[in-house]
Novice: 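The following block contains the structure, expressed as structure tokens.
Lettering of chains follows the sequences in order, A, B, ..., and the numbering in each one begins at 1. For clarity, every value in this text was computed on a predicted model and none was experimentally measured. Quick note: numbers below take in every heavy atom, side chains included, and nothing from hydrogens, waters or symmetry partners.
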Amino acid sequence: MGREIVIPFGPQHPVLPEPIHLDLVLEDEMVKEAIPSIGYIHRGLEKLVEKRDFKNYVYIAERICGICSFIHSVSYCQGIENIMEITIPDRAAYLRVIWSEYSRLHSHLLWLGLFADAMGFENLFMTAWRLREHMLNDMEETTGGRVIQGSCKVGGVRCDISNDKLASMSAGLTAIEPELSEMAGVFLEDETIDMRTRGVGVLSKDSAWDLGAVGPVARGSGIALDARMTGYGAYEHLDFSPVVISGGDCYARCRVRVEELFTSLDLIGQAITMMPDGDIEVPVRGNPSGEFFSRTEQPRGEVVHYIRGNGTKNLLRHRVRTPTTANIPGLVQMLAGCELANVPVIVLSIDPCIGCAER
Amino acid sequence: MSYLKKSPWILHYDASSCNGCDIEVLACLTPLYDVERFGIINTGNPKHADIFVITGGINEQSSVVVKNIYDQIPSPKVVVAVGICAATGGVFRECYNIKGGVNTTIPVDVYVPGCAARPESIIDGIVAALSILEEKRKAMKKGETPL
Amino acid sequence: MDLMHILYGVSFILFGPLIGGIIVGLDRKLTARMQGRVGPPVLQPFYDIGKLFQKERIAVIYSENFWVIAYLIFIVATGMIFFAGGDLLLVIFALTLAHVFLIIGAFSSSSPYAHVGAQRELIQLMAIEPMVILTAVGMYQVTGSFFVIDILAYGGLLIFVLPGVFVGFLYVLTFKLRKSPFDLATSHHAHQELVKGLTTEFAGPTLGIYELAHLYETVMLLGFVYLFFGANPLTGIIAVILVYIIEIFVDNATTRITWQPALISAWIVTIVLGGLNLIGLYLL
Amino acid sequence: MRAFTITRTIVRMLFRGPATIRYPKEPAQIKERSRGHITMDITTCIFCRLCEKNCISQAITVDKEERTWTIDRMRCIICGECVTACPKDCLRIDPRYHPPVTEFLVETLQGPPVPDPVPERETA
Amino acid sequence: MINNDECTIWYQRCFVEFLLLFLIFFPLVLACILLGIRGEKLRDIIVTTGALVIGTGTLYLLIATLGSHATYYLTNTQTVHYILFLLEIGITLFILYLCRKYHQRLVALLVCIQMAILIIFGMGSLTSGHATTEGANLFFDEFSIIMALIIGIIGSLICIYSLGYMRSYHLHHPEISDRRPFFFFLLFLFLSAMFGLVFSNNLVWLFFFWEITTVCSFLLIGYAKTKDAIKNGFLALLLNLLGGITFAGALVYITYTAPSPEYLNLSTLTTAGPDLALLALVPAGLISFAGLTKSAQMPFSSWLIGAMVAPTPVSALLHSSTMVKAGVYVIVRFAPVLEGQFIGMLIALVGGITFFLASCIAITQNNAKKLLAYSTIANLGLVVACAGVGSHEAVWAAILLIIFHAVAKSLLFLCTGTVEHQIGSRDIEEMNGLFVTMPKVATMMLIGMAGMFLAPFGMLISKWATLRAFVDASPPLGILLVLFLALGSGVTVFFWTKWMGKLIGYHEEKKNDEESVNRSEWAVLYIITGLVALVAFTFPLISGTILEPYLISAHNATTESLDKLLFYDDLIIILLMLSLIVVMPLSLYFFRHAWKESYRKVPRYVCGREALSPHSFTGSIGVQKEMGLSNYYLEDIFGELRMLRIGDLCTIALIVLIFAALIGMVV
Ligand code: SF4
Ligand code: SF4
Ligand code: SF4
Ligand code: SF4
Ligand code: SF4
Ligand code: SF4
Ligand code: SF4
Ligand code: SF4
């Protein structure tokens with residue numbers, strides 16, 4: 001038998017918000033081998049395009065996952081709009097940016113909380129989630145849904161935000177910013193967090209590139225890779241530069257996300273001030289025919305929706321390449337040789353989202 | 001005197017949800033909703049749990065897991081299916097990999113509708129589960145086979 | 001040991017869990033408040049334990065229960081010796097014995113998480129035992145006796161002569177109370193990489209016994225803190241309350257650290273604070 | 001690098017008091033736009049089945065013969081597509097959510113008997 | 001009346017003297033007989049009866065001498081001295097022959113040095129006329145009796161155990177040539193030498209027996225004659241010879257400086273007045289150094305680890321319960337001299353460091369015998385530390401440690417031997433679920449382990465006493481020792497408990513497998529288990545009837561100070577706890593049926609994965625995985641080499657200091 005401890009990690013495990021499974025082979029507490037296995041929440045929803053109207057399918061697309069659901073719907077709609085050559089109204093584009101960035105805020109706060117919890121820092125978890133409720137509140141007030149917004153549709157958005165509301169949202173975010181930066185300070189400066197994150201789960205710039213990492217994982221390893229740089233939607237009008245940190249460890253990835261909170265706040269601010277008046281949607285006639293790769297930046301990195309239609313109301317193919325899928329090879333590399341106690345920290349540091357990875 | 005109603009510990013498992021209901025279940029534990037007011041603790045261990053909260057529909061792989069976890073929860077226990085996915089499979093009902101709601105695998109006591117279910121709704125669901133839990137305890141005491 | 005003290009010892013059987021439960025209840029309440037939540041009722045620990053005893057009995061192996069009961073018995077016995085004014089060294093060693101029972105209980109189920117939890121608990125035991133022994137030794141050096149009665153009878157506040165030992169003891173108290181950053185083996189918080197570590201396989205009444213023993217233990221450990229301030233009951237009680245609040249605060253303000261720094265730091269604290277303090281006592 | 005950096009937050013939380021909404025003692029927060037559940041005013045329904053056709057999760061079944069409108073609450077995702085589709089505005093999204101149930105909930109509403117054909121012709 | 005009394009006393013004296021000589025010579029005779037016996041049956045009978053006789057003899061000695069004080073016997077030394085001297089030379093030549101055969105130059109060199117020193121000593125004693133004097137050469141006191149009991153009872157039990165063990169040993173190892181007559185010859189020769197060692201008052205005699213035990217140990221380690229065995233045998237010899245040389249040096253020193261030949265006697269030397277303190281201190285230092293080598297203290301610990309290649313009974317007898325105790329025995333003998341001295345302090349520190357570091361190393365061992373060896377080294381370290389401190393409390397603790405350690409450790413060694421033959425491995429990881437496969441042996445091991453570290457069993461009491469002794473010792477040494485003890489005791493809990501956990505771990509898929517253990521092994525195991533419990537329960541008695549008189553006579557301890565050794569309240573509590581521990585498993589047995597009915601048996605928690613059998617789960621890609629449940633070994637922190645290096649460095653520095661101090665004193 002040797003001196004090995006073999007334990008199952010997942011699918012049901014308190015630190016795993018979503019089920020995956022790892023066979024962990026440990027020696028003392030050092031992970032010698034981690035063999036992943038997935039499929040616990042595979043639903044097969046891409047296949048549903050064959051049964052659903054492409055316009056209604058947006059509801060399914062946004063239920064690929066409940067955390068960045070809005071961005072999924074944006075990606076999907078963008079794809080259809082590109083195939084059908086629809087230009088959405090500017091106001092709709094700006095509203096999409098606002099909600100996207102709200103999603104990012106709430107997702108990053110959610111992640112920060114879970115990350116803190118994985119390290120056993122319960123108070124910080126509570127703090128992050130307490131602040132997150134502010135974002136959810138705004139989302140619900142503007143779209144009617146806390147986590148599944150359902151406010152994006154092919155050809156624009158489903159509901160408008162009044163200019164008064166926009167102003168009060170902006171004011172609310174400014175008011176909450178000090179608390180956010182205080183929390184950010186804890187993440188970035190606390191000694192004990194440092195002990196758990198610095199030098200843990202290192203992914204070098206080269207391996208990050210070779211293994212095809214995306215999102216904060218890539219940016220934490222020093223690669224400036226952010227789909228928002230492509231300027232989709234209204235992003236081309238906004239002043240944006242990605243947060244890039246070198247280091248490649250859990251601390252760097254955490255730092256990327258912490259700093260992105262403030263980029264998001266900034267982007268929302270910009271979008272609100274630049275918000276044009278006008279319609280929020282254009283009518284959509286006909287059915288899509290053709291194919292398109294739609295790229296957007298989710299909180300976890302770049303997501304690609306591949307859409308192919310043949311002129312009927314049902315699409316031929318819908319395929320999603322999710323950031324988690326792209327980051328898993330990096331994760332496997334990070335896990336080798338780590339401590340058991342760091343497994344949750346490292347796993348969470350890529351912000352795995354099995355929901356969309358398995359669909 | 002029953003303490004069960006005052007100290008229900010929950011175990012949450014994501015059978016194949018989209019995360020929407022998941023994060024709402026988690027949100028219940030956080031300051032704004034704080035279910036610990038009712039003595040509810042989210043325990044990660046089926047052997048310590050009283051209430052099994054499931055989100056998402058059942059797929060081929062998760063059904064085994066759900067069954068396994070359910071068996072390891074000591075009686076009396078109740079199952080709360082959160083979200084319509086957990087009830088019937090929801091929008092994914094017709095996906096090839098979805099068997100349907102949780103009731104296809106284990107008996108469900110409370111359904112919390114919604115997509116995603118709101119935290120308040122989830123709290124209501126758990127409160128509803130408490131009285132069922134109490135009934136089951138009485139039944140168990142009488143020597144009936146616990147479910 | 002006169003009859004009075006034996007009575008104290010015996011009353012610990014009853015009052016131990018009562019006081020312990022209220023302390024833990026207040027702890028949970030305060031923790032919740034620190035996190036911006038309302039928190040459970042103060043009597044929650046009693047509800048929890050009551051609930052656990054109403055649950056079905058399940059087990060991987062029957063003898064698990066035996067070890068956990070042994071743990072409880074010896075924790076209670078230890079507490080009784082302590083409150084009856086007995087020998088501190090005996091208290092410490094009996095406490096170790098109790099923990100060994102608990103660990104063996106976890107081992108006996110041969111379950112992966114309980115196993116890893118047991119190993120970690122052992123590491124913790126190894127980390128804290130030296131400091132606890134030094135605490136007793138320090139008190140002996142000052143008061144000339146290992147007996148709690150005699151230590152209490154010592155006129156002055158021990159904290160003034162044993163500051164290093166006191167801080168060291170606080171450090172390891174965090175392990176004993178299973179509070180962050182040292183809640184390695186099993187944690188009150190749900191999200192631990194070890195599930196419930198040591199207690200993973202304990203369910204229903206078995207877990208209830210474990211929780212009950214934890215209440216006893218908490219009270220007894222706070223009794224140790226009291227000894228440092230025991231010159232008069234008022235300072236003693238205030239100090240105990242303050243110490244516990246500090247522990248709660250630390251619990252709320254740190255991550256859980258890994259076992260290597262936990263072990264090494266505990267030993268360094270033992271050697272540096274404990275050792276220097278004791279040497280200082282000689283020089284004085 | 002500092003330790004106990006969270007102290008300020010903790011102290012503030014202690015003084016500010018809990019952020020908790022004491023539901024169910026206090027009422028739930030209801031936003032105007034919240035998508036709670038679908039309500040139906042059966043009296044104005046014309047059983048055109050547009051809602052049924054537009055429902056992404058087949059939660060609605062309309063029986064023109066029996067004049068019933070049925071919603072399966074355990075399927076509805078409250079997307080509001082049916083509300084948009086309904087020509088008679090008889091569907092609404094109520095911002096209050098539907099309470100939990102212990103059995104599957106399929107609500108069937110029986111429409112009023114067929115109104116006099118005469119006035120109908122008049123409207124046409 | 002008076003006449004009658006004197007008569008009885010005289011009679012008793014003679015009888016006891018006879019008993020002492022009997023205990024020395026009877027095993028020797030048996031040894032010679034056994035050398036010529038090839039038949040198993042006959043050997044069984046002779047060994048068993050012989051062992052019984054020896055055991056009864058020691059018990060009888062105890063009873064006969066109970067209440068009497070240290071007594072000395074004059075024996076005509078002239079001839080004996082010459083005989084011893086010749087034998088000594090014979091042994092030397094024999095070793096030299098072996099050195100030549102196996103090309104061991106270094107050992108040969110040391111042997112020659114030792115020979116040279118001995119010849120110097122011989123000439124010195126001739127010229128100063130020491131050798132011709134009569135002395136109180138044999139003696140017994142309470143401490144010797146305790147040692148004799150350990151040797152006589154544990155030793156003879158191990159001999160009986162060896163019969164069965166060696167039979168299966170040769171079944172398991174057909175490649176090793178069967179030299180059992182020689183093996184038993186050595187065992188009994190060794191017993192004889194040990195008796196001689198503890199009954200000798202004359203240091204020359206003591207040295208002679210000392211050398212014999214070294215040689216026996218050397219030959220027994222090399223019993224298998226494999227490369228490894230021979231190498232380790234010579235390593236043991238080499239390091240023990242270092243001690244032998246200093247021992248011989250001590251003899252020379254006494255011969256050339258002492259005012260009278262009386263000072264070659266242990267009793268005279270250790271009670272030398274303050275004006276002669278130096279005279280006693282130098283030999284005390286030198287002989288204690290020899291004791292350090294013999295009891296495998298760091299930096300000499302490596303030989304004891306190497307010695308684990310010997311058959312397990314040898315490890316149990318020589319390398320844990322008796323021979324290595326000879327090392328600490330002499331140091332404890334010199335404790336009155338060492339008390340409060342710089343040298344004593346240094347020796348205590350060597351012990352303290354060894355205790356702590358050897359315990360640390362034990363964490364990293366998964367070889368049961370090596371673990372036991374390290375734990376032995378650690379415990380001997382504790383005894384050495386106590387002896388170095390030298391106060392009567394410390395000596396009290398030291399002797400208790402010796403007793404408890406001897407019984408518990410020999411039990412553990414023997415159990416390990418039995419388990420090894422049953423499961424074919426001495427790897428602790430392989431003992432997973434031993435409670436299911438070998439319930440009785442596992443229980444005995446648990447009792448042995450509990451005896452090693454748990455309250456309220458014996459070791460704990462001695463640890464407790466040790467702690468008190470250390471605290472009272474002079475600063476800063478006391479604090480350092482307390483630190484070592486505190487740290488070390490935490491470490492001890494770790495490695496014992498994890499082993500206990502391994503044994504107790506429940507394994508459904510294994511079957512009972514202890515039917516084939518033979519009867520003599522069972523008998524011995526049962527008896528020693530009983531002894532562990534017995535000493536745990538009766539130690540206050542032992543302390544009161546044997547230890548306290550010894551301390552009064554040898555350490556001038558007062559009765560009041562002795563009263564502080566054990567508190568009545570504590571005693572009651574300890575005994576209550578002991579009874580609780582004994583009663584609890586019984587209650588388990590009693591409630592077994594009730595429990596089984598009311599409990600629902602559930603599978604282990606494996607994160608919701610399917611478990612097709614209790615000890616596996618469905619891993620990734622559907623592969624069935626065994627749950628590995630290895631213990632932690634913390635190699636990164638407590639790695640053997642690292643700890644040894646630290647320990648060797650520290651202890652070598654201390655030993656250099658000891659020698660520097662000695663040289664300083666002489667010059
Ligand atoms: S799809 Fe990928 S993960 Fe799945 S089996 Fe094939 S290679 Fe492996
Ligand atoms: S994942 Fe695909 S290939 Fe694998 S079993 Fe399912 S359907 Fe078949
Ligand atoms: S990345 Fe995660 S949060 Fe975003 S859609 Fe996918 S599963 Fe949901
Ligand atoms: S294209 Fe690929 S996934 Fe689709 S049916 Fe063919 S093999 Fe299967
Ligand atoms: S699984 Fe890999 S290869 Fe296939 S579509 Fe996704 S990213 Fe491309
Ligand atoms: S009910 Fe809705 S939000 Fe909940 S898991 Fe299902 S799809 Fe997601
Ligand atoms: S709200 Fe959506 S899911 Fe519900 S009935 Fe209407 S269309 Fe169907
Ligand atoms: S769309 Fe409106 S009117 Fe038509 S059936 Fe549905 S509810 Fe009735």
Novice: Among B/C85, B/S62, B/S63, B/P119, which residue forms the greatest number of heavy-atom pairs with chain A at distances under 4.5 Å?
Specialist: B/P119
Novice: Would you mind checking which part of B/C115 comes under 4.5 Å of any heavy atom in chain A, side chain (CB onward), backbone (N, CA, C, O), both or neither?
Specialist: both
Novice: Enter the distance from B/E94:CD to A/I60:CD1 here, rounded to the nearest 0.5 Å.
Specialist: 8.5 Å
Novice: What option among A/R146, A/E46, A/E140, A/R52 has the most heavy-atom pairs under 4.5 Å with chain B?
Specialist: A/R146
Novice: Can you confirm whether or not the ring centre of A/H42 sits under 6.0 Å from the ring centre of B/Y96?
Specialist: yes
Novice: Mind checking whether A/R43 and B/N59 have side chains closer than 4.5 Å, heavy atoms only?
Specialist: no
Novice: Does the pair A/Y40 and B/V65 meet the rule for a side-chain contact (heavy atoms from CB on, under 4.5 Å), with working shown?
Specialist: CA-CA 9 Å; A/Y40 295 94; B/V65 180; 3.8 Å; yes
Novice: Nearest 0.5 Å please: distance from the CD1 atom of A/I41 over to the CD1 atom of B/I98.
Specialist: 10.0 Å
Novice: Mind checking the CG-CG spacing from A/N137 to B/L32? Nearest 0.5 Å is all I need.
Specialist: 8.0 Å
Novice: Do B/Y33 and A/W129 have side chains that get closer than 4.5 Å, going by heavy atoms?
Specialist: no
Novice: With a 4.5 angstrom heavy-atom cut-off, could you sort out which part of B/E60 is near chain A: side chain, backbone, both or neither?
Specialist: neither
Novice: Please lay out, stage by stage, how B/L26 and A/L110 fare under the test side-chain contact (heavy atoms from CB on, under 4.5 Å).
Specialist: CA-CA 10 Å; B/L26 266 182; A/L110 172 134; over 6 Å; no
Novice: So do the side chains of B/T30 and A/F125 get within less than 4.5 Å of each other, counting heavy atoms only?
Specialist: yes
Novice: Quick check for you: among B/N68, B/L11, B/I23, which has the greatest number of heavy-atom pairs under 4.5 Å with chain A?
Specialist: B/I23
Novice: Do A/L45 and B/C18 come within less than 4.5 Å of each other through their side chains, counting heavy atoms only?
Specialist: no
Novice: Kindly compute the distance separating CG (B/N19) from CD1 (A/I64), expressed to the nearest 0.5 Å.
Specialist: 12.0 Å
Novice: Between A/E62 and chain B, which part of the residue has a heavy atom less than 4.5 Å away: side chain, backbone, both or neither?
Specialist: neither
Novice: Okay, side chain of A/Q12, backbone of B/G44: is any donor-acceptor separation there less than 3.5 Å?
Specialist: yes
Novice: I need the full list of ring pair (Phe, Tyr, Trp, His ring centres under 6.0 Å) pairs touching residues 133-154 of chain A, with sequence neighbours left out, sorted by first then second residue.
Specialist: none
